[in-house]
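All values below were derived from every heavy atom in this structure, side-chain atoms included, with hydrogens, water molecules and symmetry-related copies excluded. Sequence lines set the chain letters: A, B, ... in the order given, protein chains first and strands last, and positions in each chain run from 1.
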Amino acid sequence: MSSCFLDEETFCQCCQLLLQHSHSLCDGWSWEQVKGSEEGYLRKTALGTGRTRCNLDQQGNSSDQHQERTFSLSFHNDDDDDDEDDGAVCCIQEESSSSSVVQYEYHILYSCSYQTPVLYFRASTLEGRSLCLEEVWDSVHPNYRQRLQHRPWDTITQQEHPLLGQSFFVLHPCRTEEFMMPVLKAALEEHRQVNYIVTWLSVVGPVVGLDVPLSYCTQVPEPPHTPSRSPQPPPALHSPQP
Amino acid sequence: MSDNAESPTETQKDEPSTPQQPTEDSGMADDKKKIDVLLKAVGDTPIMKTKKWSVEKGRTVQSLSQFISRFLKMEANEQLFIYVNQSFSPSPDQEVGVLFQCFGSDGKLVLHYCKSQAWG
């Protein structure tokens with residue numbers, strides 16, 4: 001029975017192989033090493049599209065500030081002008097969601113707890129405003145949106161980046177083995193290997209606007225074959241990051 | 001994106017004389033507007049009664065995925081995954097014609113599909 005778990009060494013090997021192909025394509029992936037540590041992650045920035053909320057000012061121009069437009073309403077009450085106010089202020093927050101260019105930053109990290117890769121990402125408008133969680137949910141590829149909208153909190157949430165300590169969006173890794181299993185099982189039966197990161201990225205990338213050119217799936221080799229090892233259960237504790 | 005209203009056509013595999021003949025010489029491949037797709041279920045995913053379909057080259061993976069999902073009467077909380085070469089998942093925006101060019105063999109593109117409750 002194949003293990004759907006990925007050890008950290010193989011993670012690094014797969015990443016380096018992906019990186020080599022990325023360099024040949026000028027596809028933008030880089031390896032970021034954490035200072036004073038063996039740990040690192042893959043990083044890439046890219047422009048994509050997303051659904052962002054924008055407010056329209058009087059001229060119909062979009063603004064990235066979440067401004068409340070204040071309207072003054074005058075109540076003219078002919079019958080009773082004792083108790084009613086002469087005017088009332090009503091705050092209306094106008095929001096309309098539209099497709100716009102979004103700057104994405106993707107990080108591929110290794111999770112010791114899940115023994116799988118995990119995709120972290122940031123998203124901001126070109127003016128530098130970070131997208132909120134709801135906008136990120138709205139920006140998920142239509143192919144996956146219905147499923148995500150069913151239970152969004154189980155799919156994409158905001159978490160602290162384990163290595164950088166900054167707020168990132170993260171695609172939950174808890175079911176990674178479910179969609180990796182068919183590939184790994186077939187590979188085992190056919191006595192071949194796959195590059196775990198390439199396969200995994202081909203599934204999760206498009207969900208959040210990350211394009212994975214087809215050549216990755218044909219050109220990136222598998223990591224060096226390691227003797228089969230019995231599946232190891234994930235460690236009981238997730239070691240805290242320094 | 002709007003779904004293509006036209007469903008893939010079932011290949012008439014029992015009647016070789018019909019116009020939709022799947023296998024042709026590679027030299028004439030460019031003239032064909034449709035490619036043959038063979039759908040294979042993975043694991044416990046229901047097997048489609050009709051496995052071989054004639055699909056327009058320009059059809060996207062997402063469109064095909066939606067078709068399979070409807071055919072299998074999948075629930076809203078279920079996600080369909082499609083695999084090529086049983087080694088990766090094609091982008092939903094990918095055209096099946098391109099996949100066929102790269103990964104087709106014996107005149108058809110074999111796609112494995114799997115139903116999952118992933119990310120939940």
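Contact between B/Tyr83 and A/Phe179 at its shortest, heavy atoms only, is OH-O, 2.7 Å. Nearest heavy-atom pair, A/Asn143 versus B/Gln62, reported as atom, atom and distance to 0.1 Å: OD1-CG, 3.3 Å.
For chain B, the nearby part of A/Val194 is the side chain; its heavy atoms alone come within less than 4.5 Å. Of the two parts of B/Glu75, neither the backbone nor the side chain holds a non-hydrogen atom closer than 4.5 Å to a non-hydrogen atom of chain A.
For B/Lys108, the NZ atom counts as densely surrounded, since its 6.0 Å shell holds more than 12 non-hydrogen atoms of other residues, nucleotides or ligands. Summarising the local packing, CG of A/Leu25 is surrounded by more than 12 heavy atoms from other residues, nucleotides or ligands at distances under 6.0 Å. With a 6.0 Å radius and a threshold of 12 heavy atoms from other residues, nucleotides or ligands, A/Gln146 has its CD atom at or below the threshold.
The backbone N or O of B/Gln79 sits nowhere less than 3.5 Å from a side-chain atom of A/Arg147 that would complete a donor-acceptor pair. A donor-acceptor pair under 3.5 Å links the side-chain atoms of A/Thr199 to the main chain of B/Ser87, judged by distance alone. Side-chain N or O atoms of B/Ser89 include none that pairs as donor or acceptor with a backbone N or O of A/Val203 at under 3.5 Å.
Contact annotation: the side chain of A/His141 approaches that of B/Asp93 to within less than 4.5 Å [non-hydrogen atoms, C-beta and beyond]. Considering only heavy atoms from C-beta on, A/Pro182 stays 4.5 Å or farther from B/His112 through its side chain.
Between B/Ser116 and the choices A/Glu178, A/Met181, A/Arg175, the side-chain contact (heavy atoms from CB on, under 4.5 Å) rule is met once, by A/Glu178.
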#### Entry: Derivation of the side chain to side chain contact (heavy atoms under 4.5 Å, CB included) call for B/Gln86 and A/Glu190
CA-CA 10 Å; B/Gln86 287 187 280; A/Glu190 294 167 16; 3.4 Å; yes
Quiz: residues 210-221 of chain A side-chain donor-acceptor pairs under 3.5 angstrom, not counting sequence neighbours:
| from | atom 1 | to | atom 2 | distance (Å) |
| --- | --- | --- | --- | --- |
| A/Ser215 | OG | A/His21 | NE2 | 2.8 |
| A/Tyr216 | OH | A/Asp27 | OD2 | 2.6 |
| A/Thr218 | OG1 | A/Ser215 | O | 3.2 |

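Distance check: A/Leu148 CG to B/Asn77 CG gives 12.5 Å after rounding to the nearest 0.5 Å.
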